[in-house]
Each structure stands twice: as C-alpha cells, then as structure tokens.
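A short worksheet on the structure shown next.
In the text below, chain A, chain B and the rest are named by the order of the sequence lines, each starting its count at 1. Every heavy atom of this structure was used, including side-chain atoms; hydrogens, water molecules and symmetry mates were not.
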There are 2 protein chains.
Amino acid sequence: MSFEEALKLENQTCFAVYACAKEITRLYQPVLKELGLTYTQYIAMLALWERDAVSVKELGERLYLDSGTLTPLLKKLEAQGLLTRARDAGDERQLLIRLSSAGKALKEKALEVPEKVFCQSGVNVEMLLKIRSQMGELMTALQPVGAADQRGE
Amino acid sequence: MSFEEALKLENQTCFAVYACAKEITRLYQPVLKELGLTYTQYIAMLALWERDAVSVKELGERLYLDSGTLTPLLKKLEAQGLLTRARDAGDERQLLIRLSSAGKALKEKALEVPEKVFCQSGVNVEMLLKIRSQMGELMTALQPVGAADQRGE
DNA sequence: TTTATTTTAATTGCATACAATTTAATTTGA
DNA sequence: TCAAATTAAATTGTATGCAATTAAAATAAA
C-alpha cells in the first residue's frame with residue numbers, strides 16, 4: 001500500500017474500530033436508559049455484579065479507566081443509591097465500592113439487556129463471537145506496549 | 001449462554017470493542033503529538049486531505065460526528081492555522097472547511113504516522129486487515145438501525 | 001525511628017461525544 | 001407571495017476520558 005493510500009480514512013483500522021465502538025454504545029443507549037444508566041455506568045455495574053466490594057484501582061484495571069473518570073462516575077452511581085463508597089478500614093488509601101441492595105436488585109432488570117440489544121442489531125452470533133475473540137487478540141497485541149513501562153523495560 | 005453468563009464483562013463484545021478503541025487511540029497519541037494533533041483532529045485531517053472544501057455536515061457524516069463535536073474541534077484547527085472556516089456563498093447555512101497551505105503541508109509529516117503506529121503495535125498485517133473488514137461488516141449490520149429513521153421506516 | 005518513596009484517590013484542565021435546543025438560511029406549499 | 005417546514009451550524013448541558021498534579025496513607029530504607 002502506498003503512503004498515499006495509507007492515509008485514506010477507509011483504510012484506517014483504527015477508525016473502523018473507533019466508529020464501531022461509538023455505534024455500539026449508541027445501540028445500547030435506549031435500552032440502558034430504562035435502567036437509568038449510561039454505557040460507562042453499565043459496564044461499571046457489570047464489573048461490580050461480578051465482584052463486589054472492590055477498590056477504585058481494581059475496578060479501573062478491569063474497565064481500563066482511571067480515577068479521573070471513575071471518581072465522578074461512581075459518585076453519580078452513589079447518588080442514585082446503587083452503591084456506597086467508603087474507605088477501607090485496613091488501608092485508608094483505598095476506597096471500597098460496595099453495591100447497595102438497589103444496586104444488586106438492578107441486576108435482575110439488566111439480565112435482559114444483552115438480548116434486547118442483540119435483537120435490535122442486525123448481527124448474528126457467529127459474527128459477534130468472531131469479533132470478540134479478534135478484539136481479544138488485538139488487545140493482547142496492543143497491551144504489551146504500555147505494559148512494558150510498568151515492567152521497567 | 002445463561003443470562004448470568006451473558007452479563008459477565010469478559011463476554012461483552014461491546015466492551016471488547018470499546019476497550020480496543022481506547023487502546024488504539026492511546027497508541028496513536030504520542031505519534032500524533034509530534035504533529036500537534038489529537039486523535040479526533042487527526043481523523044478530521046485525514047478526511048480533509050482526501051477531500052477539501054467540504055461542509056461541516058459532510059465532514060460529520062464521514063466521521064460519524066455531529067456539529068456539537070466538530071464545531072469546537074474545527075475552531076481549534078483553525079486557530080492552529082491548519083484550515084479556514086467560511087460560509088458557503090451559495091448557501092449561507094453551510095460552513096465550508098478549507099485546508100490552509102499549512103494544513104496541506106502537514107500531510108507530508110502525517111505520511112509516516114500509519115507505519116510508526118503499526119511498528120509500535122504488536123499487530124501483524126493479516127490481523128489488521130481481518131479486523132478492518134470485520135468492523136466494516138459490523139458497521140453495516142449496525143447502521144440500518146439508526147439509518148431506518150432517516151429513510152422514514 | 002524518621003525520612004524518602006510508593007501507592008491510591010481526588011482534583012484540575014483539556015478534549016471529546018452527543019442529545020436537545022436555538023438561530024439563521026433555504027426550500028416547500030398553500 | 002409568504003407563512004410553514006426543513007436544513008445546517010452553533011450553543012447548551014451532561015457525561016466521559018485521560019494526562020498531570022495533589023493529598024493522604026502506607027511502605028521502604030537509611
């Protein structure tokens with residue numbers, strides 16, 4: 001591919017992924033609105049439904065988000081009564097996020113989200129699974145770059 | 001897959017794409033910093049290098065961005081001297097975006113961006129092409145949903 | 001122990017994103 | 001023609017997203 005071709009928008013894999021990510025969150029939006037959640041709030045709740053009483057740091061590592069994003073987001077979820085934020089008694093640096101009963105209860109309503117979104121999309125299961133595995137491959141291919149610093153390389 | 005499994009973070013294709021998109025822009029960031037551009041500004045310039053003197057609307061359709069995002073972004077690029085913003089004489093509603101000589105000249109420096117980013121990533125060409133075509137498929141599968149309104153369905 | 005370093009969140013500042021509304025210009029229709 | 005509807009940007013308001021800095025707490029090291 002020529003340098004010229006390499007700059008065309010339609011040839012950018014980065015743009016394809018970027019555009020898809022936005023389109024996907026757009027698809028979720030109306031469904032999540034029924035739960036009173038934004039997309040980012042939804043994935044935060046997904047993480048908490050899997051593992052409760054975690055620190056902001058752990059949550060951030062799982063969601064690839066830092067405290068700059070999570071602190072205000074978690075404050076909003078706290079204001080909605082879905083979770084509590086309290087310092088860890090053993091290590092006051094850490095803030096433990098715990099689901100409230102309302103937060104746990106919301107999971108029941110969320111159970112139908114994946115199917116609803118899937119039905120609204122024109123995607124079949126095979127494509128979905130293929131994409132997920134491919135994104136996983138891509139992520140592991142990209143991650144070492146940033147992770148090298150942490151390992152001191 | 002059970003409803004329970006369907007809510008696990010690692011099973012979310014949406015999250016996989018969302019996380020990859022962020023990781024990709026992170027990868028571009030240091031390379032684009034040398035050009036004085038953010039990722040979104042970069043894809044806007046890519047579009048303009050392909051076709052100059054376009055309206056905000058046309059640019060928005062190609063980038064999947066609306067005027068709420070583009071107006072401030074284009075004002076910044078104008079302030080950097082990369083483009084001009086002027087109403088279309090034929091239709092005063094439209095704002096025509098035109099590259100300045102500096103904006104056109106920047107393309108030369110940008111020619112090496114794709115390769116630089118590619119080399120920094122641990123991705124091979126095959127994976128890249130496969131992902132791009134898959135994202136294209138996904139986009140067309142998702143687009144009809146939103147596009148139906150425009151077609152009046 | 002007591003200072004230096006590290007760790008964890010919060011904060012600050014900047015740049016998106018996008019829904020909803022507003023404004024100005026153009027086109028449609030009665 | 002001229003009011004109604006439509007279109008294109010800009011604006012407003014809310015919610016991310018992240019780099020960089022700050023503050024507080026814990027750990028390491030001298």
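Within a heavy-atom distance below 4.0 Å of DNA chain D, the residues of residues 53-73 of chain A found are Tyr64(A), Leu65(A), Asp66(A), Gly68(A), Thr69(A), Leu73(A).
Scanning both residues, Met135(B) and Cys20(A), for their nearest heavy atoms gives O-SG, 3.2 Å.
Checking Thr25(A) against Gln94(A), the closest nucleotide of DNA chain C that is more toward the 5' end is the one next to Gln94(A). Residue order along DNA chain D, read from the 5' end via each residue's closest nucleotide, puts Gln41(A) first among Gln41(A) and Glu92(A). Looking at which nucleotide of DNA chain C each of Lys76(B) and Ala89(B) is closest to, the 5′-most match is held by Lys76(B).
Taking a 6.0 Å sphere around CD of Glu4(A), one finds it holds 12 or fewer heavy atoms contributed by other residues, nucleotides or ligands. No more than 12 heavy atoms of other residues, nucleotides or ligands shown are found within 6.0 angstrom of NZ on Lys8(B).
For Tyr28(A) and dA15(D), the OH to C1' distance is 19 Å, given to the nearest whole Å. Across the protein-nucleic acid pair, Ile97(B) atom CD1 and dA8(D) atom C1' stand 12 Å apart, rounded to whole Å. Here dA8(D) presents its C1' atom at 7 Å from CZ of Arg87(B), a figure rounded to the nearest Å. The nearest whole Å value for the distance from the CZ atom in Arg85(B) to the C1' atom in dA9(D) is 9 Å. Protein atom CZ of Arg93(A) is 16 Å distant from nucleotide atom C1' of dT22(D), rounded to whole Å. Atom C1' of nucleotide dG17(D) and atom CD1 of Ile43(A) are separated by 11 Å, given to the nearest angstrom. One interatomic measurement links the two molecules: CG of Asp91(B) to P of dA9(D), which rounds to 8 Å at whole-angstrom precision. Rounded to whole Å, the distance from NZ on Lys33(B) to C1' on dA19(D) is 8 Å.
In the 5' to 3' direction, nucleotides of DNA chain C lying under 4.0 Å from heavy atoms of chain A begin and end at dT7(C) to dA19(C).
Exactly one of Tyr39(B), Tyr28(B), Tyr64(B) qualifies for a ring pair (Phe, Tyr, Trp, His ring centres under 6.0 Å) with Tyr18(A). That residue is Tyr39(B).
Distance check, rounded to the nearest 0.5 Å: OG1 of Thr13(B) to NZ of Lys130(A) gives 12.5 Å.
Residues Val113(A) and Tyr42(A) meet the side-chain proximity criterion, which asks for heavy atoms closer than 4.5 Å. Between Leu63(B) and Leu9(A), some side-chain heavy-atom pair lies under the 4.5 Å cut-off. Contact annotation: the side chain of Leu37(B) approaches that of Met45(B) to within less than 4.5 Å [non-hydrogen atoms, C-beta and beyond].
Here Lys22(A) does not reach the OP1 or OP2 of dG17(D): none of its side-chain N or O atoms lies under 4.0 Å away. Contact annotation: Tyr39(A) side-chain N/O to dA15(D) OP1/OP2 distance is not under 4.0 Å.
Using a 4.0 Å cut-off between charged nitrogen and carboxylate oxygen, Glu23(B) and Arg26(B) count as a salt-bridge pair.
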